[in-house]
Amino acid sequence: MPELPEVEVAARSLAHWARGRRVRAVTVTDRRTLDGDKPASVLALVGTRMNGVERIGKNLLLTFGAAKRAPAAKTNVGVWSHLGMTGKWLRRPPADPPPRFARVRLDLVGAPTLYFVDMRLFGFFRVVPGADFARFPVLAALGPDPLREGIDPGRLAERLRRSRLPIKVAIMDQALIPGVGNIQASEGLQRAGIDPRRPARSLDSAELSRLARGLLASFRYTLRAFERAGALPPAVGGKTTAPSADVEYVEETGTHNPFRVYDRAGERCRRCRRGTITRIVQAGRSTYFCDSCQR
DNA sequence: ACCCGTGTTCGCTG
DNA sequence: TCAGCGAACACGGG
């Protein structure tokens, strides 16, 4: 599932479901999800209160407040969670059987139980003492989050000045634009009318501006698709209406493909109505683009 | 059986 | 030294 829009849904859901709630228990049902940490590391969460959820790119950063009996030792505890390829957060009544592929169970006081579910185990749930997320180099290196801070074309120009990588591969670097994944990269380039094979450093400033706008438009469009599917709780800090999908924030938007080029090889281009969507492989991943209007 | 996959990291190579 | 590539991770679906 997860690129920026899906992780944004997860972040809003977690905030809506758990912010202000106290943790009753944490159960790890597959220790591989801890990525080498000891199973006992999650005990630091028990008795704390979930204070906030932040999303940077595809990363979920949860902050839990001090334990009940030790307010003086105002030690926060963090959780860095990444959904990998198949991760998601679900909410279930405490007495229900756990969902298939549940890896971590989070029991809350006075609220339904939350599950981190991840079939392929590329995702993780890592406890971060002191909520000191910045000590992880990959987190410290993340670029500004596009949804909150926009995408600055001038910054793209500077960072891509010497890159010979194909532009599609270059924009998937999380230190450049966090949250861009294999789908959003193709979608953003199609909206911008740019050939994904172009060397990154060959794009001029007008093209980089179009690319920045195209990526943002695709992020927002995908979020709207989730909203229409009833899967999107209100923005963090926004009004608190309950999400209409009460138990699971999103299972699928149906069999409908909401994208303009992704997985549409052979179809007519929706942008120019002349070209044909073509699939190529770049850096081992599928890329889709219009053979006519992306130059 | 075989290939594919919305992500990331690591090791090898030129 | 380093950018760039392929493999590896794990497991279900077509």
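So that the names make sense, note that chain A is the first sequence line, chain B the second, and so on, each numbered from 1.
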Between [M] and [N] - [atom1] atom distance, rounded Å:
N     : M      : atom1 : answer
B:dC3 : C:dA7  : P     : 13 Å
B:dT9 : C:dG12 : C1'   : 23 Å
C:dG4 : B:dT6  : C1'   : 23 Å
B:dC4 : C:dG6  : P     : 14 Å

Counting any heavy atom closer than 4.0 Å, what does [X] reach on the DNA or RNA strands: base, sugar-phosphate only, or nothing?
X        : result
A:Arg285 : base
A:Arg162 : nothing
A:Val138 : sugar-phosphate

Out of [options], which has the shortest distance to the side chain of [X]?
X        : options              : result
A:Arg164 : C:dG4, B:dG7, C:dA10 : C:dG4
A:Glu6   : B:dT8, C:dC11, B:dT6 : B:dT6
A:Arg279 : C:dG4, B:dC4, C:dC11 : B:dC4

Consider only side-chain N and O atoms of [X] and [Y], and report whether a donor and an acceptor are under 3.5 Å apart.
X        : Y        : answer
A:Asp107 : A:Thr113 : yes
A:Thr63  : A:Asn51  : no
A:Thr276 : A:Glu267 : no
A:Arg103 : A:Thr29  : no

Phosphate-side-chain proximity, [X] and [N], N/O vs OP1/OP2 below 4.0 Å:
X        : N     : value
A:Lys58  : B:dT8 : yes
A:His82  : B:dG7 : no
A:Ser286 : B:dG5 : yes

What is the distance, rounded to the nearest whole Å, between atom [atom1] of [X] and atom [atom2] of [N]?
X        : N      : atom1 : atom2 : result
A:Gln174 : B:dT8  : CD    : C1'   : 9 Å
A:Met85  : B:dT6  : CE    : P     : 5 Å
A:Leu83  : B:dG7  : CG    : C1'   : 10 Å
A:Phe125 : B:dT8  : CZ    : C1'   : 20 Å
A:Leu4   : B:dG7  : CG    : P     : 11 Å
A:Lys168 : C:dG4  : NZ    : P     : 15 Å
A:Leu160 : C:dG4  : CG    : P     : 11 Å
A:Asp30  : C:dA10 : CG    : P     : 10 Å

Establish whether A:Phe124 and A:Tyr115 are linked, either directly or via other cluster members, by ILVMFWY side-chain heavy-atom contacts under 4.5 Å. no
Are A:Phe122 and the base of C:dC9 stacked, counting only ring centres nearer than 5.5 Å and planes tilted under 30°? yes
Kindly indicate whether the side chain of A:Arg120 and the base of B:dG7 share any N or O donor-acceptor pair separated by less than 3.5 Å? no
Watson-Crick or G-U wobble mate for B:dC12, both contacts under 3.5 Å: C:dG4
Counting only Watson-Crick or G-U wobble pairs whose two distances fall under 3.5 Å, which nucleotide matches C:dA10? none
Could you tell me if A:Arg279 sits above the aromatic ring of A:Tyr262, with its cationic atom closer than 6.0 Å to the ring centre and no more than 45 degrees from the axis? no
